Amino acid sequence: MEVSAPLIKNILLLDSEGKRVAVKYFSDDWPNLASKLAFEKSVFTKTQRISARAEAEIGMFDGYVVVYKFISDLHFYVTGGDDENELILATVLQGFFDAVAILLRSNVEKKTVLENLDLVLLCLDEIVDGGIILECDANVIAARVAMRGAEADVPLSEQTISQALATAKEHLARNWVL
């Protein structure tokens, strides 16, 4: 009996025209930029007319399980292999979606995401590493991204660069002491 952890193939955040806002691939299934863009266009084209605003939708596209949800002018997607559990993929999607909403103070729209792209990309890094799911709890993800410690009162998005570096140093020193 073979036991394996669920693997995420990619996480996509596209705008209402199917253009990239933030994407991260964790698989070599798409070896070059052209194949990645073709997959994104295919998934977007097949889902753009579906209303996936209230609940996440699940579909099978090009041999992959894709879970997706839309808000405002953004389309969130999480892709797994054809044998992955849809509920796990949906949990990853919801964690990403909710963490972004927390960090952007519920102002989830393309303009705000682009202005805070660093936070969105950090969310992706906190959720999945190398395809392996690290965290799905939106509050934990947002707290890690914002680097809110017990002493840190100012979120990362409102700190100056020197304040952010000092907070990061303090956070690392506190968490890496042997």
Side-chain angles (χ1 to χ4, degrees), residues 1-15 20-33 35-40 42-44 46-47 50 52-72 74-106 108 113 116-149 155-157 168 171-172 174-176:
M1 182 172 142
E2 186 178 317
V3 178
S4 66
L7 294 176
I8 303 298
K9 299 285 187 175
N10 63 46
I11 299 178
L12 310 173
L13 180 54
L14 306 177
D15 68 11
R20 287 178 159 198
V21 176
V23 300
K24 188 121 184 191
Y25 283 81
F26 308 101
S27 166
D28 294 333
D29 292 12
W30 303 274
N32 55 41
L33 181 61
S35 61
K36 291 173 183 174
L37 291 172
F39 177 76
E40 292 163 22
S42 171
V43 168
F44 177 78
K46 293 174 183 173
T47 60
I50 298 171
R53 298 203 181 272
E55 297 285 326
E57 295 287 331
I58 300 168
M60 192 77 161
F61 303 108
D62 301 332
Y64 299 96
V65 176
V66 180
V67 181
Y68 53 97
K69 186 172 183 174
F70 309 149
I71 185 169
S72 184
L74 294 170
H75 297 222
F76 291 74
Y77 300 90
V78 173
T79 306
D82 62 355
D83 58 344
E84 291 300 339
N85 184 319
E86 296 89 357
L87 294 175
I88 292 173
L89 297 177
T91 303
V92 171
L93 174 72
Q94 195 64 47
F96 177 44
F97 185 85
D98 291 344
V100 169
I102 291 168
L103 289 165
L104 301 181
R105 296 174 185 86
S106 299
V108 183
V113 166
N116 296 282
L117 191 57
D118 57 336
L119 299 177
V120 175
L121 293 173
L122 285 171
C123 271
L124 293 175
D125 290 341
E126 289 295 332
I127 296 168
V128 178
D129 185 24
I132 298 171
I133 302 164
L134 300 175
E135 184 64 64
C136 292
D137 184 319
N139 293 315
V140 172
I141 296 163
R144 286 182 183 165
V145 168
M147 292 197 298
R148 290 186 192 144
L156 179 63
S157 62
H171 180 74
L172 286 172
R174 193 171 48 243
N175 290 321
W176 290 97

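For reference, positions follow the sequence shown, starting with 1. What you see is a predicted model; the values in this text were computed from it and never measured.
Considering CG of L7 and CD1 of I133, their distance stands at 8.0 Å, rounded to 0.5 Å. We find the OG-CG distance between S42 and D62 to be 4.0 Å, quoted to the nearest 0.5 Å. Summarising the geometry, atom OG belonging to S27 is positioned 9.0 Å from atom NZ belonging to K36; distances are rounded to the nearest 0.5 Å.
Just one of F26, Y77, F76 meets the side chain to side chain contact (heavy atoms under 4.5 Å, CB included) condition when paired with I11; it is F26.
In this structure, the side chains of E57 and V67 stay at 4.5 Å or more apart for every pair of heavy atoms. Side-chain contact between C136 and I127: absent, with no pair of heavy atoms (C-beta onward) separated by less than 4.5 Å. Counting heavy atoms from C-beta on, the side chains of T79 and I8 never come closer than 4.5 Å. Looking only at side-chain heavy atoms (C-beta outward), V128 and L134 stay at 4.5 Å or farther from each other.
With sequence neighbours left out, N32 forms a side-chain hydrogen bond (donor to acceptor under 3.5 Å, both in side chains) with S35.
Summarising the geometry of A142 relative to L103, their closest heavy-atom pair is O-CD2, 3.7 Å, with the distance given to 0.1 Å. Considering all non-hydrogen atoms of both residues, V108 and S72 come closest at O-CB, 3.4 Å. The minimum heavy-atom distance linking E40 with Y25 is given by the pair OE2-OH, 2.7 Å. When all heavy atoms of V65 and G81 are compared, the pair lying nearest together is CG2-O, 3.4 Å. Pairing each heavy atom of L12 with each of F39, the nearest pair is CD1-CE2, 4.2 Å. Across all non-hydrogen atoms, the minimal contact from A22 to V120 is CB-CG1, 4.1 Å.
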>> Could you go through R20 and L37, starting from their C-alpha distance and side-chain angles, then the distance that decides it, and tell me whether this counts as side-chain contact (heavy atoms from CB on, under 4.5 Å)?
In response: CA-CA 9 Å; R20 287 178 159 198; L37 291 172; 3.7 Å; yes
> Run the side-chain contact (heavy atoms from CB on, under 4.5 Å) check on L13 and V23 step by step: do they pass?
Replying inline: CA-CA 6 Å; L13 180 54; V23 300; 5.9 Å; no
>> Show, in sequence, the C-alpha distance, side-chain angles and deciding distance for D118 and L121, and conclude whether the side-chain contact (heavy atoms from CB on, under 4.5 Å) test is met.
In response: CA-CA 5 Å; D118 57 336; L121 293 173; 6.0 Å; no
>> For a side-chain contact (heavy atoms from CB on, under 4.5 Å) check, start with the C-alpha distance between L14 and V21, then their side-chain angles and the critical distance, and finish with the verdict.
In response: CA-CA 5 Å; L14 306 177; V21 176; 5.7 Å; no
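Taking the six-membered ring where tryptophan is involved, the planes of F61 and Y68 are tilted, since the angle between them lies from 30° to 60°.
Looking only at atom types and distance, the side chain of D29 has a donor-acceptor partner in the side chain of Y64 under 3.5 Å away.
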Side chains of residues 91-100: which donor-acceptor partners sit under 3.5 Å, not counting sequence neighbours?
{"from": "T91", "atom 1": "OG1", "to": "L87", "atom 2": "O", "distance (Å)": "2.8"}
{"from": "Q94", "atom 1": "OE1", "to": "K69", "atom 2": "NZ", "distance (Å)": "3.3"}
{"from": "Q94", "atom 1": "NE2", "to": "D98", "atom 2": "OD1", "distance (Å)": "2.9"}
{"from": "Q94", "atom 1": "NE2", "to": "D98", "atom 2": "OD2", "distance (Å)": "3.3"}

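Listed by first and then second residue, the salt bridge (charged side-chain N to carboxylate O under 4.0 Å, His left out) pairs that reach into residues 123-134 are K24-D125, E126-R144, sequence neighbours excluded.
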